[in-house]
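Encoded as structure tokens, the structure appears first; notes follow it.
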Amino acid sequence: MPAAIDHAVQVRLLATAPGPHTVPAVLRYHPGDPLAVRMSFPPEISLDGAAVDWAFARELLAEGVHGAAGRGDVRVRPAGPERTVMEFHADEGVAMVQLRTADVRRFLARSYAAVPAGQEPAHLDVDRDLAALFGAA
């Protein structure tokens, strides 16, 4: 099985405070969890000083590059031809970040090279996942 794909990106926090605030983030895709993408943020941008990880559907990210996508905790939409906005909704509030669409497209291309669209079920290990869920692994 191919290794996880980590893709470092710079995101700009969209906030009411003046001036841009850019921070590093990492988009991660693992073929063992072929339907999901994770985005990790450093501790300095969280309210409690802990690193923040969000998991969401790879398809959501792919759709969000072209048009508004998502209704739940994670929403993605284009912001012009060169930027993509991601919203992360939690009980504490909403965080919005903007990143270069080219970075998102490169990341998605790498993930689809590892597991092509439509081939995700072949990479799922349902027996292993059920065993882990029920503590038999």
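Atom set for the values below is all heavy atoms of this structure, side chains included, hydrogens, waters and symmetry mates excluded. The model shown is predicted, which means the values in this text are computed figures rather than measured ones.
- Scanning all heavy atoms of the two residues, the minimum distance from Arg77 to Ala68 falls at CB-CA, 3.9 Å.
- Contact of the Glu82 side chain with the Arg100 side chain is not registered, since no non-hydrogen atoms from C-beta on lie closer than 4.5 Å.
- Using a 4.5 Å heavy-atom cutoff, the side chains of Phe107 and Val9 are not in contact.
- The backbone N or O of Val85 lies less than 3.5 Å from no partner atom in the side chain of Arg75, so there is not a single donor-acceptor pair.
- Between Pro34 and Pro31, the shortest heavy-atom distance links the atoms CD-O, 3.4 Å.
- Under a 3.5 Å cut-off, the side chain of Arg58 and the backbone N or O of Ser111 do form a donor-acceptor pair.
- Leu99 is listed as a side-chain neighbour of Met86, based on a closest heavy-atom distance under 4.5 Å.
- With sequence neighbours excluded, the residues forming a side-chain contact (heavy atoms from CB on, under 4.5 Å) with Val52 are Phe41, Ser46, Trp54, listed by chain and number.
- At a threshold of 4.5 Å between non-hydrogen side-chain atoms, the residues Phe88 and Val94 do not count as touching.
- Between Pro24 and Pro42, the shortest heavy-atom distance links the atoms O-CD, 3.0 Å.
- Rounded to the nearest 0.5 Å, atoms CD (Glu87) and CE (Met96) are 4.5 Å apart.
- For the pair Leu27 and Val37, the minimum side-chain heavy-atom distance is below 4.5 Å.
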- Quick one: do Asp53 and Arg38 satisfy side chain to side chain contact (heavy atoms under 4.5 Å, CB included)? Show the steps, please. CA-CA 7 Å; Asp53 294 312; Arg38 288 176 170 47; 5.8 Å; no

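- No donor-acceptor pair under 3.5 Å is formed between the side chain of Thr22 and the backbone N or O of Gln10.
- The heavy-atom pair separating Glu63 from Ala69 by the smallest distance is CB-CB, 3.9 Å.
- Arg106 and His7 are not linked by any side-chain donor-acceptor pair at a separation below 3.5 angstrom, with hydrogens and angles left out of the test.
- Within the 4.5 Å cutoff, the side chain of Met39 has heavy atoms near those of the Val11 side chain.
- Shortest non-hydrogen contact noted between Val76 and Val65 is CG1-N, 4.5 Å.
- Formation of a donor-acceptor pair under 3.5 Å by the Tyr29 side chain with backbone atoms of Leu108 is not found in this model.
- Within a 6.0 Å radius of CZ in Arg28, other residues, nucleotides and ligands contribute 12 heavy atoms or fewer.
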